[in-house]
Amino acid sequence: MGGSFAGVGRNASDCKYWDNGWLEGKLNDTDKDVVNIRQKDFWTQIASRFKNYNENLLFASANEPATTDDNYKHETEILMTYHQTFVDAVRATGGNNGSRTLIIQGPSTSIDRTSEVMTVDKLPKDVIENRLMVEVHFYDPYTYTLLNDVVNWGAEVYPQYYWGDDLATGSDIVHNCGYNAWAGAMGDKCASAQIQDQFGKMKANFVDKGVPVIIGEFGANDRVGVLTSDNYAKHRKGRLAYYDAVMTLAKQNKVVPIAWDTGHEGENNMTIIRRQTEPDGSVFDMDILNIMRHAYGLDDYMNNGITHIDALEVRPESSRVRCLPG
């Protein structure tokens, strides 16, 4: 999904999620004209191919467009031209694309930057009302969700393994979510209030103004193999609490959460559905899946033998789209 979309093959592994940055890494005045030409060409072809698919198919204009700390305001202005080109190209193809919901990614998919510089009044102009959504991603705090190795950022910062109330003591406090490496002591422990602060910005700035929001990716690494016995159990308890908080607060703030699933099953995975070992398509992490279901009032998952329904469009095998090269 997004600018990284390269077509649909029979297997997910046939296609690339990322596009090597032809758009996402080129939010600058030198490249913008060429990028807009490519953006129009790509989306005219993609949208034409899928214009008869129903409303369950969504298109997104980009994938994590990378703004910089020093120039993110101007880079976002350029990004908005890419988004406008996307909207215009898709709508021009007709069919169901005339009313299809289109997803507009915020700068760096950052909640803070999106709320600040991609406000509702700056969204692309559209020929139909109420068919645009905003997308951001959520991996806060990075030291807890994604950091795997010790880094030096003016102080030695350790990966943080323990979220919420059940924290490590002694020398292991460096691995607590909320530990301040620069102060050499615990700061505020990580809690749901910090998630609410972020999701509340999306509700106030977009949802309450009539623009739907998706959290297009969220997750936190499972430190299986990194930690063992009681330490892993403590980490696991906090990680379940983290997913519960994200899902619960997403629902309360009326934003749609989408968990990122990495596929691999070893250290630092975010895998929920098994795709690299047998049985393919089975649930790998039932605890996480059920935590997510419970937040929306659903019972524990029970596999009835139907894992998905393909109800977009039925076409002959020979007509299926293959991935673009590159």
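- The distance between the ring centers of W43 and Y82 does not fall below 6.0 angstrom.
- Residues N52 and N96 have side chains that never bring a donor and an acceptor to within less than 3.5 angstrom of each other.
- Under a 3.5 Å cut-off, the side chain of Q198 and the backbone N or O of Q194 do not form any donor-acceptor pair.
- Under a 3.5 Å cut-off, the side chain of D261 and the backbone N or O of I273 do form a donor-acceptor pair.
- The residues D41 and R38 are annotated as not salt-bridged, no charged nitrogen and carboxylate oxygen being separated by less than 4.0 angstrom.
- Looking only at side-chain heavy atoms (C-beta outward), H235 and D222 come within less than 4.5 Å of each other.
- Residue Y243 forms a ring pair (Phe, Tyr, Trp, His ring centres under 6.0 Å) with just one option from F218, W163, F138, and that option is F218.
- A heavy-atom distance below 4.5 Å is not found between the side chains of I214 and V255.
- A donor atom on one side chain and an acceptor atom on the other are found under 3.5 Å apart for N148 and R223.
- A distance below 6.0 Å separates the ring centres of Y242 and Y144.
- Partner of R239 under the salt bridge (charged side-chain N to carboxylate O under 4.0 Å, His left out) criterion, chosen from D244, D285, D287: D285.
- No side-chain N or O of T101 forms a donor-acceptor pair with one of E55 less than 3.5 Å apart.
- Looking at R113 and T67, their side chains do bring a donor and an acceptor atom within 3.5 Å of each other.
- No donor-acceptor contact under 3.5 angstrom links the side chains of E267 and N221, judged on distance only.
- A donor-acceptor contact under 3.5 angstrom links the side chains of D121 and T119, judged on distance only.
- For the residue pair T85 and Q39, no side-chain donor N or O sits within less than 3.5 Å of a side-chain acceptor on the partner.
- A pairwise comparison of heavy atoms in D300 and N290 identifies CA-OD1, 3.3 Å as the closest pair.
- If you chain together ILVMFWY residues whose side-chain heavy atoms come under 4.5 Å of each other, I173 ends up grouped with V150, Y158, Y161, Y162, L167, V174, Y179, M186, V224, V226, L227, Y232.
- Residues that satisfy the ring-ring contact (aromatic ring centres under 6.0 Å, His included) test with F206, not counting sequence neighbours, are absent from this structure.
- The 12-atom threshold is exceeded at NZ of K203, counting heavy atoms of other residues, nucleotides or ligands nearer than 6.0 Å.
- Ionic pairing of D280 and R275 is not present here: no N-O contact between side-chain nitrogen and carboxylate oxygen is shorter than 4.0 angstrom.
- With hydrogens and angles left out, the side-chain atoms of N36 and D33 include no donor and acceptor closer than 3.5 Å.
- The aromatic ring centroids of F50 and Y53 lie less than 6.0 Å from each other.
- Between T277 and E265, the side chains place a donor N or O and an acceptor N or O closer than 3.5 Å (distance only, hydrogens not considered).
- I195 places none of its side-chain heavy atoms less than 4.5 Å from the side chain of T248.
- Just one residue in the list R131, R100, R91 forms a salt bridge (charged side-chain N to carboxylate O under 4.0 Å, His left out) with D126, and that residue is R91.
- In this structure the side chain of L102 reaches within 4.5 angstrom of the side chain of F86, judged on heavy atoms.
- A donor-acceptor pair under 3.5 Å is formed between the side chain of H83 and the backbone N or O of Q105.
- Here the side chain of H264 pairs no donor or acceptor atom with the backbone of T271 at under 3.5 angstrom.
- With no hydrogens or angles considered, no side-chain donor-acceptor pair links T93 and S48 at under 3.5 Å.
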